[in-house]
Amino acid sequence: MIKFTKEEGMTNQEIAKEFKRIADLLELKGDNPFRIRAYRRAAQNIEALSRDLSEIPEEERRKIPGIGKDLAAKITEYLRDGKIGALEELKGEIPEGLLEVIAIPGVGPRTAKLLNEKLGIGGIDDLEKAVSEGRLLDLPGIREKTVQNILKGIALLRKGRERRPIGKVMPLAEEILESLRSLKGVRKISLAGSLRRWKETIKDIDILATSTDPEGVMERFVNLPSVSEVLRKGPTRSSVIVDGDLQVDLRVVEEKSFGAALQYFTGSKAHNIRLREMAVRKGLKINEYGIFNEESGERIGGEKEEDIYNALGLPWIPPELREDLGEIEAAMKDDLPELIEPADIRGDLHIHSRWSDGSHEIHELVEEAKRNGYEYIAVTDHTKGLGIAGGLTEERLLEQKREIDSLNRKLRGFHVFIGVEVDIRGDGSLDLPEEVLGRLDFVVASIHSGFRQEKGKLTKRVINAIKCPFVDLIAHPTGRLLGEREPYDIDMEAVLEAARNYGKALEINAFPMRLDLNDIYAREAKKRGIPVIITTDSHILEQFRFMKYGVSVARRGWLEKRNVLNTLPLREFRSYIRRRRHAR
DNA sequence: GCCGTTTTCGGCCCGACTGTTTTCAGTCG
């Protein structure tokens, strides 16, 4: 047997994809639904791993939730052969084109199977042809309305609504939320869904409300100026389109069910399934109206989210943790993290000024920082290698240092640390000599070019920077840009190890397109005791407000205040800097 | 196919909505 080699790093995503495909094909086959769910659950848990499956010893893989004897063997098989026999067999039994048919919204496995068996349809093209020839109407249970829905579904699928970075969706959502909150008749109102869990990308906006006048609220909701299309409108649920192709769902429930509905519509699905399983074992039943005693039907609660969790013997779990990635187990042991809050942040340590490609003078950055309640910032402009960003030469940098020194003399209770974002060059060297870096307070290092180098070389560049005694922080360590650029092919396991060994901090870059480290690596950093710093990488003042997105990544990564260095008050952060400089 | 403060076998979340039906299956979140 030949060892199958390919680009590494993406293996987990590939295996997860294979499992999902098996699940889809089993569904088309009409297989045991629980078996299908097992594949989907395994895929989800694999996607959430921070380590590559190939690096996890075979005997340890069964410890991953949802991976048992059989799936562990299939993982081994994939790593060895690059394919899974069971999947290949399924492909032989079921036309793969049906996978695109079940991807059509409104068309599920039963319909796809029917289309295939009765009309020989093996893909979307066949289906469109059959529709135009009027052949679908020969089928049992399919009439004109269903045909129209299938056509709409195909159009929708082709349009391909992409997930958007949360930083682009949240402002829209907050705007809608505010315009609804001010309506007469609206009482409680909250975001729900993935937005409330602060997932890094969002597909639609979910809003939940209680009201004395549901019809009136719905009427005004579908008539908001930003609404371009009304998908459906009812007394308890309406859906509209805003901003091109972004769907917004508003649900209105009774006051006494608000908590249960909020819990339910916040998800995640995997988290809710776990809770309901727990409920069943306790003789309870959870639905979006409340939590009930299964036998007597007696209502135990539902007005608050806490009612649901407490009835199961659990403390309330913050939405950002609700992914079934260990939060339920932690809650059972009363061992949930005390998550970092936006108000814990005391300073921003990655900011650009007009000295390179930022738009503002340093004193303006200081004013903005104060408005955000900070006690310090580090000004970290680019270095000369980034000519396009007006990167600083040694001379310019030292000139900037003089300006900052003089500014600091005038400041009370606030401090500007003199920093730089030094470019890690293609050969792994830094863009400024160590004597210059040594005269600064805070050095951020990051990659801005040569993203496509091979893994070994890229990894070495970053580790080289970590080893440099003058570097404090590695910025946007994986280089990904949501929806635009994949993370570069870097061995994060090695980077994390190096950061731990050399006591260097890793950044959560709060820029909405970056969010890098992501939640998975942030959690891994915490596990290994690697300090994290959350920064905005601001180039204009308005970007200071991105901090909350960085904090949300930290929260999703289970980080507490103590794991994040820029929660330290000025005095303590200063002594941290001093200690580091002393240790060089 | 997974999993065990009920279980190594027998369970495995719950309801709304839609379109097609005269009582329900399929799909979705």
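Letters go in sequence order (proteins before strands), and every chain restarts at 1.
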Which residues pass the salt bridge (Lys or Arg N to Asp or Glu O under 4.0 Å) test with A:Glu178, not counting sequence neighbours?
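Applying salt bridge (Lys or Arg N to Asp or Glu O under 4.0 Å) to A:Glu178 gives A:Arg181.
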
Can you tell me how far [atom2] of [N] sits from [atom1] of [X], to the nearest Å?
| X | N | atom1 | atom2 | answer |
| --- | --- | --- | --- | --- |
| A:Gln247 | B:dG29 | CD | C1' | 11 Å |
| A:Arg41 | B:dG11 | CZ | P | 20 Å |
| A:Asp24 | B:dC28 | CG | P | 11 Å |

Within the 3.5 Å criterion, strictly below it, is a donor on A:Thr76 or A:Arg61 matched to an acceptor on the partner's side chain?
yes

Could you list the residues that satisfy side chain to side chain contact (heavy atoms under 4.5 Å, CB included) with A:Pro315, not counting sequence neighbours?
A:Ala331, A:Asp334, A:Leu336

Using a strict cut-off of less than 4.0 Å between a Lys/Arg side-chain nitrogen and an Asp/Glu carboxylate oxygen, indicate whether A:Asp243 and A:Arg164 qualify as a salt bridge.
yes

Hey, can you pull the residues of [range] with a non-hydrogen atom under 4.0 angstrom from DNA chain B?
| range | result |
| --- | --- |
| residues 99-135 of chain A | A:Ile104, A:Pro105, A:Gly106, A:Val107, A:Gly108, A:Pro109, A:Arg110, A:Thr111 |
| residues 199-220 of chain A | none |
| residues 309-335 of chain A | none |

Check every strand shown and say whether A:Pro33 touches a base, only sugar-phosphate, or nothing at a heavy-atom separation below 4.0 Å.
nothing

Anything under 3.5 Å between a protein N or O and an N or O of nucleotides 12-14 of chain B, put it in a table, one pair a line.
{"unit_1": "B:dC12", "atom_1": "O3'", "unit_2": "A:Glu277", "atom_2": "OE2", "d": "3.3"}
{"unit_1": "B:dC13", "atom_1": "OP1", "unit_2": "A:Arg37", "atom_2": "NH1", "d": "2.6"}
{"unit_1": "B:dC13", "atom_1": "OP2", "unit_2": "A:Arg37", "atom_2": "NH1", "d": "2.9"}
{"unit_1": "B:dC13", "atom_1": "OP2", "unit_2": "A:Arg37", "atom_2": "NH2", "d": "2.8"}
{"unit_1": "B:dC13", "atom_1": "OP2", "unit_2": "A:Glu277", "atom_2": "OE2", "d": "2.6"}
{"unit_1": "B:dC13", "atom_1": "O2", "unit_2": "A:Arg276", "atom_2": "NH1", "d": "3.2"}
{"unit_1": "B:dC14", "atom_1": "O4'", "unit_2": "A:Arg276", "atom_2": "NH1", "d": "2.6"}

Just name whichever nucleotide pairs with B:dG19, Watson-Crick or G-U, keeping both distances under 3.5 Å, else none.
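Matched B:dG19 with B:dC24 under the 3.5 Å cut-off.
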
